[in-house]
K.L.:
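My questions will all concern the structure given below.
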Number of protein chains: 2
Amino acid sequence: MKRLRVALLGCGNVGAALVDLLDEQRDAIVARTGIDITVERIAVRSTARQRPVAVHPSVFTTDPLAAVEDPDTDLVVEVIGGIEPARSLVTRAIELGKPVVTANKELLANHGAELFAAADAAGVDLLFEAAVAGGIPLVRPLRESLVGEPIRRIVGIVNGTTNYVLTKMSESGADYAEALAEAQRLGYAERDPTADVEGFDAGAKAAIIATIAFGAVVVAGDVYHEGISAVTAHDIETARHLGHVIKAIAVVERTDDPAVTGPDEPPEVAVRVHPAMIPATHPLASVRDSFNAVFIEGDAVGELMLYGRGAGGRPTASAVLGDLIDAAVNVHNGGPGRIGRLARARIRPIDDLSCPYYLSLDVADRPGVLARVADVLGRHGVSIRSMEQHGIGDDARLVFITHRARERDVQDTLAALRELDAVHAVGTLMRVVGSDEDRG
Amino acid sequence: MKRLRVALLGCGNVGAALVDLLDEQRDAIVARTGIDITVERIAVRSTARQRPVAVHPSVFTTDPLAAVEDPDTDLVVEVIGGIEPARSLVTRAIELGKPVVTANKELLANHGAELFAAADAAGVDLLFEAAVAGGIPLVRPLRESLVGEPIRRIVGIVNGTTNYVLTKMSESGADYAEALAEAQRLGYAERDPTADVEGFDAGAKAAIIATIAFGAVVVAGDVYHEGISAVTAHDIETARHLGHVIKAIAVVERTDDPAVTGPDEPPEVAVRVHPAMIPATHPLASVRDSFNAVFIEGDAVGELMLYGRGAGGRPTASAVLGDLIDAAVNVHNGGPGRIGRLARARIRPIDDLSCPYYLSLDVADRPGVLARVADVLGRHGVSIRSMEQHGIGDDARLVFITHRARERDVQDTLAALRELDAVHAVGTLMRVVGSDEDRG
């Protein structure tokens, strides 16, 4: 029987679940692949801590570099997270010709290009299904099933915390602070929720998704961000009234025409993370609680959605295990599936994007105000698709949905509206994604 | 540059779309894989018919066997459909050591085992992503991403015609005949809709899904079938009232305990196709119109859903192209991913399954009737979870949702109820799938 000896770097939720899964599935994996995969080394920060994994204590080490360099290590699984020491350890493994499986989104979103190039040069696998959407298979479908498919756009709900908070607000009428507090109580949100609610976590994932989908490097710093902390219960109620739900989404899209851009020229892409209104009939609208989903718009395949658990020990470990088996088979059969050297994508700035917008304004409730507001929109080339007016105390609230408009024009419109005496407050501005007008 | 020369058998919607896609994507495929894939032969029944594909007329032939045997053919794509001549042609290609990509569900659902074994013996790829769920990547995720994942159950909406008909009934209040007529007018249903509405199409797909998911052969004849023609507008209205939707689903599940069944013993599985009530909050409930989706319940990964276009020329051709590129890379790099020889699964009969049930009865509206009905259910071990009663003319309609019950006991209950004078009609019996009780 063939063997594959693994050094596991990190033993948190995902690492411990991986050890369990391998233990449960060992016979089945041997039956399917003929390869016996064993964890020979587990590198941890401290061996003093008790860990819920059924391995001999001698397997633990506090020296991850020695575990990587050990001649008895055939493959490295990195689930430490963060940039260093993960970056140095993964680089060293690749130099030594050892395949690497990682679940580390920060590492790939910031240093993916250099690591892909190093893996290509060394002729080894660098696999990372678990880094993007936890247990949802996304990297492999994009790289294999859809390798011949021109992808136009991918819209993802890729952060479970923000989806949980917005689902609670939507279904129980809770406000943002209440919903976040409940998410923290249930363990869906960290005590410091910044990385989730401000969109940094989703942004790192969006950078990796764009890199794979369009075959050109996008890094975390390229991603336009907006968090969900400004979303109000009123916005959610208005969205429902208009047949929409509010979701925190990541959008990666190709903005040039592939027929015009030469095959050697890098594609132009836009990558952004923000709350958006989505039609209630759109498949993403039904993604509830802490679930994730990725909606792919392809030229030939049409609309495709992949839905599941984007985080959690066992779902993420399941994705790591899929990669691990893949790499193990490649070690014994040759032919790793490498990404190779990628060019840097050209990034289209947010100002140049266009989509329909939702806009709410609190204005003085007197004749002529609507005409003045409409005039400002018109002068900036922002065309109104629908409008509603509600009384709120002495004021009136105007709610607009626009036709497709340019971000820069919409921002200029807001600046001009703030100058009007009759406009008491410019409320929420939100992009509308997935409507007929947005898709067309 | 490496070349791969394809013989395409069949040139209907899928074949023509594949030729187009290959033409559009040729440069991109060369850039990604270094392989130039060209269609050298297209076998059709008649060369007289004008076809909307941009190839030289000399590419067409009416001799598919000669196209397969041509030494200039490196790989065969079969999109003829049906059992013969597809079976003989695919078998011959495999004998000659030529990889095969097929979209033929009838062929695989009936003769998959012999073809997988032949491909294994010859050491060539037999790929069939497009045969199961059109453009939705399902076979590859199951075989690769989830290779280390113990799958418990898969529930799929795998027939676009029935999903379209039920969506129309649900959203417009149309009855079955009206909705079917509209589906036929729009081209979503054949003039003879039997294969779709009676569940044969979904049954063939379910057999293939079960074979891949559980690694043991299930054939079309193993699948329990019920069609959707008995579903009434009243059932749909009652389902909505109870917070459910009615969907035509395929269910494949493992019914033995993998920890007890030895690794060399074939698994026991149940495979069935029928309409079912699904909670409105379940992700499958939001799969509308002619879309398909496959909901996977795994031990580690949890819940996973893959959604998209299950049919249509370009979506299906997109899946064929993914396989084609995969096989092309394998031809040049070695190492086809074969399924090998599979044992025959043990099939659990429908009588031995259990789930919650929905049952409607029209009964005489007089005292004591409910007690007698409840007594019949109780004597058969069928426990009531909820009950509603509505007046309809002189009768009363009783609607029950049961706790989890055995199919055999429920069928015996129905027989006993039909004996009661007070029961005027036994209406719809429908399984409830995806509720908390069903999942637990």
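Computed over heavy atoms, backbone and side chain alike; hydrogens, waters and symmetry mates excluded. Reminder, nothing fancy here: chain letters follow the sequence lines and each chain counts from 1.
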K.L.:
Quick check on A:Asn292 against chain B: is it the side chain, the backbone, both or neither that has a heavy atom closer than 4.5 Å?
P.N.:
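Interface part for A:Asn292: neither.
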K.L.:
So which of A:Arg314, A:Glu129, A:Glu24 has the largest heavy-atom pair count under 4.5 angstrom toward chain B?
P.N.:
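Sorted descending by pairs with chain B, the first entry is A:Arg314.
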K.L.:
Under 4.5 Å, counting heavy-atom pairs only, tell me which of B:Ala17, B:Gly135, B:Pro150 racks up the most with chain A.
P.N.:
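Winner by heavy-atom pair count: B:Pro150.
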K.L.:
Where does B:Arg140 contact chain A at under 4.5 Å (heavy atoms): side chain, backbone, both or neither?
P.N.:
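Contact with chain A is through the side chain of B:Arg140 alone.
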K.L.:
Go through the atoms of B:Asp323 and report whether side chain, backbone, both or neither lie under 4.5 Å from a heavy atom of chain A.
P.N.:
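B:Asp323 has no heavy atom closer than 4.5 Å to chain A.
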K.L.:
Find the one option among A:Gly322, A:Pro315, A:Gly308 whose heavy-atom pairs under 4.5 Å with chain B are most numerous.
P.N.:
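Of the candidates given, the most pairs with chain B belong to A:Pro315.
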K.L.:
Can you name the side chain to side chain donor-acceptor pair (under 3.5 Å) partners of A:Glu149, sequence neighbours left out?
P.N.:
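By the side chain to side chain donor-acceptor pair (under 3.5 Å) rule, A:Glu149 matches B:Ser318.
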K.L.:
Can you tell me how far apart CD1 (A:Ile296) and OH (B:Tyr307) are? Round to the nearest 0.5 Å.
P.N.:
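The CD1 atom of A:Ile296 sits 12.5 Å away from the OH atom of B:Tyr307.
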K.L.:
With a 4.5 angstrom heavy-atom cut-off, could you sort out which part of B:Leu306 is near chain A: side chain, backbone, both or neither?
P.N.:
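B:Leu306 touches chain A through backbone and side-chain heavy atoms alike.
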K.L.:
Among A:Val301, A:Val30, A:Leu22, A:Leu146, which residue has the highest count of heavy-atom pairs closer than 4.5 Å to chain B?
P.N.:
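Option with the top pair count is A:Val301.
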K.L.:
Using heavy-atom distances under 4.5 Å, tell me whether A:Gln25 contacts chain B through its side chain, its backbone, both, or neither.
P.N.:
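A:Gln25 touches chain B through side-chain heavy atoms alone.
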K.L.:
Calculate, to the nearest 0.5 Å, the distance between atoms CG and CZ belonging to A:Asp326 and B:Arg143 respectively.
P.N.:
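The distance works out to 11.5 Å.
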K.L.:
Does a sphere of radius 6.0 Å around CG in A:Asp299 hold more than 12 heavy atoms from other residues, nucleotides or ligands, not counting ones at 6.0 Å or beyond?
P.N.:
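Correct, the count exceeds 12.
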K.L.:
Using the ring pair (Phe, Tyr, Trp, His ring centres under 6.0 Å) criterion, which residues pair with A:Phe214? Sequence neighbours excluded.
P.N.:
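Result, ring pair (Phe, Tyr, Trp, His ring centres under 6.0 Å) vs A:Phe214: none returned.
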K.L.:
Please state whether the side chain, the backbone, both or neither of A:Leu21 comes within less than 4.5 Å of a heavy atom of chain B.
P.N.:
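The side chain, not the backbone.
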K.L.:
Measure distances from A:Arg288 to the heavy atoms of chain B and classify the residue's part below 4.5 Å as side chain, backbone, both or neither.
P.N.:
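The side chain, not the backbone.
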K.L.:
Would you say that more than 12 heavy atoms from the other residues, nucleotides or ligands in this model lie under 6.0 Å from the CG of A:Asp36, or not?
P.N.:
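More than 12 heavy atoms, drawn from other residues, nucleotides or ligands, come within 6.0 Å of this atom.
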K.L.:
To the nearest 0.5 Å, how far apart are CZ in A:Arg309 and CG in B:Leu304?
P.N.:
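Interatomic distance, A:Arg309 CZ to B:Leu304 CG, rounded to 0.5 Å: 11.0 Å.
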